[in-house]
Each structure stands twice: as C-alpha cells, then as structure tokens.
Asker: 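Below: one structure in structure tokens.
Note that the coordinates shown come from a computational prediction; the quantities given were computed from them, not determined experimentally. Note: hydrogens, waters and symmetry copies are ignored here, and every other heavy atom, side chains too, is used. Residue numbers start from 1 in every chain, and the chains themselves are labelled A, B, ... in the order their sequence lines are given, proteins ahead of strands.
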Amino acid sequence: MNDMSNPVIIKGGIGDSPKRTEDHRFLSGKGRYTDDINRPGQAYAYFKRSDVAHGVIKSIDTTAAAAMPGVVAIYTGEDIAKAGIGGVPCGWQLHSKDGSPMVEPPHPILAQGKVRYVGDAIAMVIAETTEQAKDAAEALVIDIETLPAVSEMRAATAPGAALVHDAAAGNICFDWHIGDKAAVDAAFATAFKIAKIDVVNNRLIPNPMEPRAAIGDFDQSSGEHTLYTTSQNPHVIRLLMGAFVLQIPEHKLRVVAPDVGGGFGAKIFHYIEEAAVTWAAAKLNRPVKWTCERGEAFITDAHGRDHITHAELAMAEDGKFLGLRVNTMANMGAYLSTFAPSVPTYLSATLLAGVYTTPAIYGEVKAIFTNTVPVDAYRGAGRPETTFLLERLVDVAAKEMGMDRVAIRRRNFIPIDAYPYQTPVALMYDSGNHEATLARCMEIADWNGFEARRAAAAQRGKLRGIGMSTYLEACGIAPSAVAGALGARAGLYEVANVRVHPTGSVTVFTGTHSHGQGHETTFAQLVADQLGVPFESVEVVHGDTAKIPFGMGTYGSRSLAVGGSAMVKAMDKIIAKGKKIAAHLMEAAVDDIEFKDGKFTVTGTDKSKSFAEIAITAYVPHNYPIEEVEPGLDETAFYDPKNFTYPGGCHICEVEIDPETGVVQLIAFTAVDDIGRVINPMIVHGQVHGGVTQGIGQALLEHAIYDETGQLLSGSLMDYTMPRADNIVNIHVGTESTMCTHNPLGAKGVGEVGAIGSPPAVINAVVDALRDYGVTHVDMPATAQKIWSIINAGINAGAPRMAAE
Amino acid sequence: MYDFEYHKPGAIDDAVKALGADAEAKALAGGMTFIPVLKQRLAKPSAVVDLAGLGLTGIRREGNALVIKAMTTHREVAMSSEVASAIPALAELASNIGDRQVRYRGTIGGSLANNDPSACYPSAVLALGATIVTSRRRIAAADYFQGMFTTALEPDELITEVSFPIPEKAAYAKFPNPASRYAMVGVFVAKTAAGARVAVTGAGNDGVFRHAAMEAALDQSFTADALKDVTTPESLMNGDIHAGTAYRAHLVGVMARRAVMACK
C-alpha cells in the first residue's frame, strides 16, 4: 500500500486531475439514462394526479377511460388496497420529547380515500403510448370533494386548522429536542447580551437536469422482477420496495440505476411510481415505463429545506458564546418521505455548535404535516439550514456586541488543539482548522481591502457589501450503530468489491452511485494509486444490484469517505493475498514482502514481482501456495465508519446592490474548504462550483411558493428561478485540508460543502450592503423586489433606516 | 399534445383559406409559445397551419420606414445591418428576446399575433407608431393591441409585415422576470416626428400601453431628468410573485429613465 502522505503525484493517481472518464459519453449524447432504455413490448404509464391540495375521493369511474384506444389497464388506490400492497415506508423513526414515536401515516402508492397535495397520484393509466395513456386519463371521471388545505406551517399549526392526517393532531408529526435545556437557561441567566434572530429557510425544488423515470419489467420464466430507475441508491430502493411495499425477496428483484443525470438528494427516496410500475409489470406480464415531465417533477419530486427558526444566543462581556437556544418548525409535506424526519433533527440540530465552543445548546424541532409535496433531503440536507441560522446569528451577535464580524468568530472558534472536540449536541468532531481556512479565504478575497471597494462602488451609486460564513458540517453518516440508535432503519456502511483480472486489469464494484460526481474517474484514480496499476486499467461499476454485492448509495457526501474507504479495505486484502503469492514465488517469508508502486519486493533485495505477475499467478496457479491461499484475486470489504466526517471552511461573498431596482449583483465569491484528502482537484473544484451555485440560487433566486389553497405558484421554470450563468461569478476555490482521523483515506467529503457554506455568506453580504439602512436580516431569497422594498421603506421613512424585515 | 392536421401552404391565400375554413385551426409562426402550449395539452387545435412556407421573411428600407416581414426571426432582426442602421433599438430589443434557441425560431409576426403582455416587440410597435400590414389591410399600432393576448386580427387574418417609421432616436430598457426572462417591465422610448413616445410592456394589467404623462414630460425636455417626478399609477399595474404593483410601477420609471439615457 502506498503511503498516502507521499506528496509525489503519480499520473492518474491521487492528487492528479485526469479528465473525467465518463464525460465523453455524457458530452457526446451517449449516456444511457433510464428513459433511453426500452424493453420489448413495453407499455407506458401515466399518473393522473390531484389538482387540489386536499380532498375526499368520492368516486372514480374508469369505464369510459378503459374503453379508450390503446388502454392496457387502469389502476386506482382501491386496486392497490385490494392487492394488499403496502405504502412506501419511511426510513427513519424519531421519538418526541415525551417518548412517543412520530406519527407515521401510511403513504399508499395510489391515493386511498383522500388526496393530500397537488400532485398526489390518483390513478395509473397504462396504454400502448404515453399519449394514449394521457387521453384515457382525461376520460377518467373523478369526483373529489375539496377540503380546506394547509400549505404553510404557521397555518397548519393554528387552532382549528384542517388536518392533513387524522392521526396527527395539530398536524404535528413529532416534537423533538436535543441538548441540555437547564444548562442553556443557566447560561442565559448570566448573559451580558443576547442576540436573537428569526429566519426562514426557503423551500426549494431540486430540479436535476434529468427528470425521474422508472421501468418495471418481469421475467415470467424466472419470476425475476427488474426495476430500472433514476436512483442514487439502487440497493436501498430494492430493500425498501421489495421488503416493505411489494414483498419481493432480494434474489427475485433487481434494481438498476444506470446513468443518472443529477440527483441532489431528490433521487435518494423511494417514490410511489417505482413500486407502481414494478407491480404493474408483473401483473400485466409486460414492461411498463414511466417518464416524469418537468412540470410533473415540480409537484412530485421531494422538495427541500422549508424551515422556520427562532434562535437566541447568550454572550459574555468578551463576546464568548455562553448558550444557544433554537426552536425550529420543519415542513414534512403531506407524507413522510424516506429520510424526511432525520433532516431537521440529526442532520441539522446536531450541528448547532458549528465551529464555535458554545458550551450549552438546546434545540427543539417540531415537524409539521402540510398539504404540499413531501419535503426531504436536498444537497446539504439539514446542514445548510443550521449553517444559515448560525452564520446569520453570529453576524447579528457581532452587531449586538459592537464587535467585528471576524473578531467574534475568532474569539469563539474551536481551537485546533481542542480536537477531537466533543460538542454539547452529540457529535464529536475529529479534526479541523478554522483559523487556516478563514485566513486563507480572507487573503484571497482581500477582505481587509473591502472598505475602499465599497467607497468606490458608492461613487457609482451602488451599495457594496461583503459577508462571510465559517462553517462545519457532518458527512459520511454513521457508524451504523449510532445511526440506528438515532432512528435510522438501515445500516450506513459501504461495500466495495475489487476484482483483479488475470492480466492485472481491475474492475471495482461499488455500492455508491455516480450521478454527476465523476466516480468512474475518482475511484479509478484511487485504485490506480493504491495498486500501482495504470489509471486506464481500472473500470468502475455501479448502479446494478445484480452486479454489486450491496451498498447504501450516494448522498451526504459519503461516496469517497465511506465508499472509498471500503475500496481501500478491499485493496488491503488484495495486497495481503498478493504478498503471500509473491512470498511463495520468491521463496521469501511473507513478512519480508513489501508492496510499493505496483511491485512486490523482498525487503532489502532487488527481487520483485509485478502486480500483473501476481495476478496471473493467482488465476493460473501452477506454482502456487495452494494449501494456504485460494486461487483468484477478488476481494470484498464492507466498511462501517467510526464517526461522521466533518468538512468545513470559510466562504466569502461580495455583492453590489442597485438601489434603484434592488437587484443584487454578485461581484466575487471565494470558498476555502477543508475537505480532507483530495483525490482529483479538478473534480473537487467542479463540486464546489456546483454547490456554491446552488447556494447562490437559494440565497438570491429560488423559492417554492404555495398559495393558501395549496396550489404551487412557482410551478414551472417560468416562475421558479434557477440560477443561470449570468447570476453567478467566477468562483475562487481553495482547500486548506486537515485529514479525517478515522478513515483510511483521510477524506471528508466535498459534495455538499458549496451548498452548505455559501447561502449565509451571500446574505451576510447583502445585509452588509444595506448596513446604512439599519437592516439586520434579510430572508432568502433576496430578490430584487424584496431588496427594493427594504430600501424604499427606508427612503419613505425619511432616512435610510429600517428594522429587520 | 393532441393530434391535429398539419398544413404547410406555399401561398398566403392558401393559408388564409385553411384558417378560414376551420374555426379550430391555428397558425404556427415559429411556435416558441404555441408549441409548448400544445405539448402541455393547453390547446386542442384541429389543424395547425405552418406559415414557414409563405416566403414571409426579409427586412427592407422603404423611404423613411423599416419594413420587416412577419416570419423574420428575432435573430435576423438582431443581426440585420439594415435594422442596426435604421433603428438600432429594435435590433437591441430582438437580441434579448428569450434565449438563442428562441431567437432562431421565434418571429416578429408570431410575437405580435400572440400579444403576450410580457413580450418585448409590442412596446416597439406601439412606441414607434408602426403599421401592421395583414393579408387584408393595414392596421395602426394604436388600433392593433386590444389587451392581453388580444389583437385586432380576425381569425383568418395573417400579419404579412410590419412597417416601422424610423425615429430620430430610440431605446428599449428591459427588466427581465428573473425566472422566465420575459419583460417584467419593458419600456420603449422614442423621439419621433410626432413627438416623444413611451410604450410599456410587461407591467400593465391590460397589456402594452402608452405612458401619456411620460410622453408629455419628454416633449418638454427629452431627458431622463424630465421623468424624475412622473409616476405610474399602481392601478394600471400587473402583480405577481415576482413583482407587486408598487414595485412594477416604480420599475416603469427606472426603466424609462434608463431608456431615455440610452437613446440613440
């Protein structure tokens, strides 16, 4: 095994930036996505969906629709109930403060009795073509008695509000808490000053470039079901759908997630359409395909964020944080999506310490049902919400104390010598150097030269602001035992099968899934580096339960930290076995064999065998230690992490506001992150660029807006503002890494840092730009209209001054 | 989309006949609005009459007018040296419609026949006092626009070309809707032989309109300063999730001043 602290970069190895292997097919239109797959004789499914947010299904008459040309079958919730098919399960169970389990209403794959959001599937129409299925769906006679709906959390928790589920009184799913309330109360009692903030974390619609799709297939001769689906985690889908919904054992259920065009979390979850087409394909004995349209995606893909939080921070006279108290409401939507309960709780409230030494923290979270699309993990999942809250609150605290924004952060940073650091909210951070990322980011962004730029902008009639966020997040979720204790209904290890072929080329089967991350490149580099084989000799296979032993998929920035670690463990086994073979061939003791740069060498001699020689010997074992070693060179490892990993860093944003229109123009963005070991710097830059762009989208542009009747007003790209090239700037990316101390790679994860660290940096810059107006907070997104309203209210009040909006 | 008959006539008379013979037939003039509407099943025409075969493309100078045939694409207008020398504001306007793909397919006639309240072209046509030439008559801009998505066109009447009198100077300032990039507020300002003209698109609750108060102020002094105290009644404004009526009314003033400053 190569020494990973070795700074020498091998071509195609760790630290090199080869072009992405997968890009040729993606950029030349040769990607093979779910919708590109067509099975012989396939029929097409179309889902008739509710256009009201809440109602009682009085009747569904399918007679006319069934007689339409090309119709193969029509199924309703009643058919599903009759077939004894369960609802899609929730993968995480929480308990309320009083010990009672969360309210977990059934989520049938087609609505039964009631519809609960605009987009809730009422019937599945299967026909020879999609157009025929749509025609027939229009001929369905559906009588729905509309009920009052709740779309916003405050409305849902108001007395007398309509109930989304009868079992959830007050529309409360759970009422959870973490931390030491008494300690926090005591801290507040001694506070010199208290900073307070109310923030809304705006609801987002993920919009991966590829809409979801699913094909169910059934082989009557073998009894095997196959689901092709746009998933980030095919094994999880197999487990959830097979065991909980359709009762198909694993050996008769194959789930394939081929090329997937972006996920961002929205493709983690087990969706009803997957179960519906798998079930129908078997029932009809012909393949059934469904492809989501963009408009349909807006009302069926799980949304993200949607938290409302009040927070208070107690401070000592020197600006030290003494205690933090946080109260959050989190929107669950109409049903519990796969990981929804974990997002505002164990993925969010456990990070309330941030990068600070706050000794006492207490967080409360109420999860609320509403008549909206289910809400679940979206790039960052809980950590952006906490980061936005904390980093806004720290800026408010600085103002409250009359301290510099950087100084108050430095005063409260967890010092490097305090690591490993036990927070008051469960997590134990293993490593980090907040001063290093801060200093480097301030240097690149020329923080200290800002006031001159602000003055120059003022000359041009523009309001210029600068903001930072110093954040830390948790990735690579687990250990499994801890996740289980916290309510996860699955393990969170990862699996790698490293198969060395007779001529020394290597195929790696990974349980993670690549949907834009570039795993085929990064993992090949890792294997090439560790086994000393050429980068081009390594093939990475993912996304098929028939090929890969097992796996938990890709989310939470876990692929390298957990999946890569599994690969290292499997390669350790390969090398250990190789040493035995080499020892035999060179008539040396195993302990005297060392492996380096692709060669097995007898220590202190010039006798060596190449990796390829060992591989061929393993498969052609003529001269072989057959009594002690099996032939072949193929090893599997399951790796269960010892702790979360903790990426972090500093983001600095600079903006200019046009006071006439309220338009916020991004001027500069700098991200210096600590993500542990970097395998491919180019891919890391790409991940940070993409994440920051999504963060800028959340901060300035994106907002899923429902009206009070539960209609989605921002229901298409005509009204939902995705960030575009002219909304962003060239992003300066740097890394200042400390190594993760508990996994073999030292990797922490990079997939989400951009989306987590950036939104508060942007809003802190916006608030700074408006400092002469006395603004202390601006909720996201900071649209032109919102900023103009703030400025205009200030001007109309006779002075540039106004309270927090 | 629903099934429909597809016709691609080679002569205007044939196109007019096809549309006249069938009340459910619709003309296709680029389709940058119409095709998405069809795909979403929001329209169910019996027939689609594609105007692409009528030879209605081209730009020419005719005395003191710039004449643009109906099926001329936004890109052709944006790239035309004829337009750039006669009415540069029009080329600038066309160059910012939609995206590159839309500008290659969308046409001036299609845009004017649809009269989307947030389309850019109506403001230029109204401000410049253009004439809409159709298969049967000439319609003054003032008579042509009749509210959102409503025009003076008969169902079987086709725009063949648009004749723009060349102004002394003009400019268009657009504040795009952040999501759709349509005009949330678009103001076309022109100094013409008939006086100052200001037409506003995107903002009004009844489609494109002329801003009389601004025109009067500019007739006094054709400067941005002249508009400083001219307000726009909120009651005339459209409001949505991106911009309420007060914000839109404010933006009309800002965009008008910017257009005056950009006039050339």
Asker: Can you tell me which of A:L713, A:T130, A:T661 forms the most heavy-atom pairs within a distance under 4.5 Å of chain B?
Answerer: A:T661
Asker: Where the side chain of B:Y2 meets the backbone of A:E131, is there a donor-acceptor pair that is under 3.5 Å apart?
Answerer: no
Asker: Applying side chain to side chain contact (heavy atoms under 4.5 Å, CB included) to A:N792 and B:Y247, what does each step give before you reach the verdict?
Answerer: CA-CA 10 Å; A:N792 190 47; B:Y247 184 46; over 6 Å; no
Asker: Inspect the surroundings of CD in B:Q146 and state if more than 12 heavy atoms from other residues, nucleotides or ligands are less than 6.0 Å away.
Answerer: yes
Asker: Give me the atom names and distance for the closest heavy-atom approach of A:M718 to B:Y182.
Answerer: CE-CE1, 3.4 Å
Asker: Under 4.0 Å between a side-chain nitrogen and a carboxylate oxygen: does that hold for A:E293 and B:K39?
Answerer: no
Asker: Quick check for you: to the nearest 0.5 Å, what is the distance between B:H242 atom NE2 and A:D719 atom CG?
Answerer: 4.0 Å
Asker: To the nearest 0.5 Å, tell me how far B:I241 CD1 sits from A:I705 CD1.
Answerer: 4.0 Å
Asker: Answer with side chain, backbone, both or neither: which region of B:M1 has an atom nearer than 4.5 Å to a non-hydrogen atom of chain A?
Answerer: backbone
Asker: For B:M79, does the CE atom have more than 12 heavy-atom neighbours from other residues, nucleotides or ligands under 6.0 Å away?
Answerer: no
Asker: For B:R105, I'd like to know if atom CZ has over 12 heavy atoms of other residues, nucleotides or ligands within 6.0 Å.
Answerer: no
Asker: Checking the side chain of B:H250 only, and the main-chain atoms of A:E660 only, is there a donor and an acceptor separated by less than 3.5 Å?
Answerer: yes
Asker: For chain B, which candidate among A:G662, A:A784, A:S716 shows the most heavy-atom pairs at distances under 4.5 Å?
Answerer: A:A784
Asker: Which atoms of A:D135 come close to chain B, meaning under 4.5 Å heavy atom to heavy atom: side chain ones, backbone ones, both, or neither?
Answerer: both
Asker: With a 4.5 angstrom heavy-atom cut-off, is it the side chain or the backbone of B:R41 that approaches chain A, or both, or neither?
Answerer: side chain
Asker: Looking at A:R724, A:E702, A:E138, which makes the most heavy-atom pairs under 4.5 Å with chain B?
Answerer: A:R724
Asker: For A:R294, does the CZ atom have more than 12 heavy-atom neighbours from other residues, nucleotides or ligands under 6.0 Å away?
Answerer: yes
Asker: Assess whether a salt bridge exists between B:R181 and A:D726, defined as any Lys/Arg side-chain N lying under 4.0 Å from an Asp/Glu carboxylate O.
Answerer: yes
